[in-house]
Number of protein chains: 2
Amino acid sequence: MITISAFQWVPPFAQGVVRDLRVRWALEEAGLPYQVRLIDPQVQASSEYRALQPFGQVPIYQEGNLTLFESGAIVHHIASRSEVLLPTDEEGKARATMWMFAALNSIEIYFQNLAEIDFFYPGQEWGKQHRPDVVKMIQTRLGELATCLGSREYLEDRFTAGDLLMSTVLRILRHTDLLDGYPTLKAYKARCEARPAFQRALASQMEPFQQRQA
Amino acid sequence: MITISAFQWVPPFAQGVVRDLRVRWALEEAGLPYQVRLIDPQVQASSEYRALQPFGQVPIYQEGNLTLFESGAIVHHIASRSEVLLPTDEEGKARATMWMFAALNSIEIYFQNLAEIDFFYPGQEWGKQHRPDVVKMIQTRLGELATCLGSREYLEDRFTAGDLLMSTVLRILRHTDLLDGYPTLKAYKARCEARPAFQRALASQMEPFQQRQA
């Protein structure tokens, strides 16, 4: 049985964007059953957990003797077992993998910088000064991505793990109106999120948070 | 024949760390011959180049009908063709891929933030205020990575594409003395860079820069 780790609770700004969402979604798309180990900050900081995840993050993925961390790598591992997420021809596989790296290394880094300023350093003078540069860089990347997507449904000629990661990355901007300037990207994100597998993944991440708030 | 793109010239702070270095290194390890298309800022901004690379970066990788961008994805594609870079068993492959994503998504992002402050916004007030936070985060990550590496030679039980990316990421700190606090990481980086394939890759990236400076 596959086991993934996830947080028992996170503040509202993080609910629905914690990175186990990506892994849950990939598992739902691939039709692989899994169980969740919900962890609290104490477990997260423990040497037992750190031995599995050097940076103390979620999720980890465990199956038999294999333990993996890094949501991108876990999604890639799951995707390599399912044609729903990754084409089987070498070129299609390479292109889909390209979009996975692009989402995390050319797009997410700027979104994370904005989220950091807005959620982790609110009201700081340096954040106020630097925020316009970050927003400008994000707009540049969104414009480039929109041009590249054009009028297509997905980044390649079909849904892949690249779209899965890219659309979860776009979710990081949800506390802003930045995506409104790019209607084709907004529609693309909605198209990805309309997939039943995404809806199941989101519901399963949100469930323990909602229970605790109830 | 494989063709990659690279810059004809970059400022000294970027020489030896531009991302085509990673791809050249992977090609050298895999023993795959390649040619380089050196580009200038005009080509980089052209619609012809942008059609191949939506973000206008280097390198792109072209082979037959396949065009790829994102250095991480290109290295992964090359690695999937060579046992020198990626184990052939599924678990070994997944673990090496994990380190590739870890290097780019859990480590490089903080190093890039520091490089941005030091090279792109020198003297800015916000940079001066925020720099200590960034340095602290980098030290946290370096400490975690050093713990994880322990006394081993490589991140897994042999050299993989994960070490290739991680060691090129560690190069980003070369304008600082941050790595001096982590002697095992410094030795690890030196061990990776001692590989003849790395030396050939570095020499080939530096060649056009040195010609122009001569």
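Sequence lines set the chain letters: A, B, ... in the order given, protein chains first and strands last, and positions in each chain run from 1. Scope of the values below: all heavy atoms of this structure, side chains included, with no hydrogens, waters or symmetry mates.
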What do you reckon, is CD of A:E83 surrounded by more than 12 foreign heavy atoms closer than 6.0 Å?
->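 No, because the 6.0 Å sphere around CD of A:E83 holds 12 heavy atoms or fewer from other groups.
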Evaluate whether atom CD of B:Q42 has more than 12 neighbouring non-hydrogen atoms of other residues, nucleotides or ligands under 6.0 angstrom away.
->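 Result for CD/B:Q42: open.
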Need one label for [X]: side chain, backbone, both or neither, based on atoms under 4.5 Å from any heavy atom in chain B.
X      : answer
A:R131 : neither
A:Q57  : side chain
A:E108 : side chain

Roughly how far, to the nearest 0.5 Å, is the [atom2] atom of [Y] from the [atom1] atom of [X]?
X      : Y      : atom1 : atom2 : value
A:F55  : B:R141 : CZ    : CZ    : 6.0 Å
A:L68  : B:F101 : CG    : CZ    : 11.5 Å
A:D133 : B:W126 : CG    : CH2   : 7.0 Å
B:H77  : A:R95  : NE2   : CZ    : 11.5 Å

If you count heavy-atom pairs under 4.5 Å between each of [options] and chain A, which one has the most?
options                      : answer
B:T97, B:I74, B:I107, B:N113 : B:N113
B:E144, B:E63, B:K93, B:R81  : B:E144
B:A102, B:S80, B:G64         : B:A102
B:S71, B:A73, B:A51          : B:A73
B:A94, B:C148, B:G56         : B:A94

Largest heavy-atom contact set with chain B, pairs under 4.5 Å, which of A:T140, A:L145, A:L66 =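 Maximum pair count with chain B is reached by A:L66.
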Non-hydrogen atoms of chain A under 4.5 Å away: do they reach the side chain of B:R50, the backbone, both or neither?
->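 When you check distances to chain A, only side chain atoms of B:R50 fall under 4.5 Å.
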Answer with side chain, backbone, both or neither: which region of B:E116 has an atom nearer than 4.5 Å to a non-hydrogen atom of chain A?
->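 Side chain only.
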Residue pair A:N105 / B:L104: nearest heavy atoms and the distance that separates them | ND2-O, 2.9 Å
Nearest atoms (heavy-atom pairs only) where A:E70 meets B:M98 |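 That would be CG-O, 3.7 Å.
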Is there a donor-acceptor contact under 3.5 Å linking the side chains of B:N65 and A:E91?
->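 Side-chain D/A pair, B:N65 to A:E91: absent.
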Side-chain heavy atoms of B:Q124 within contact of A:Q129, under 4.5 Å =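 Not touching, per the 4.5 Å side-chain cut-off.
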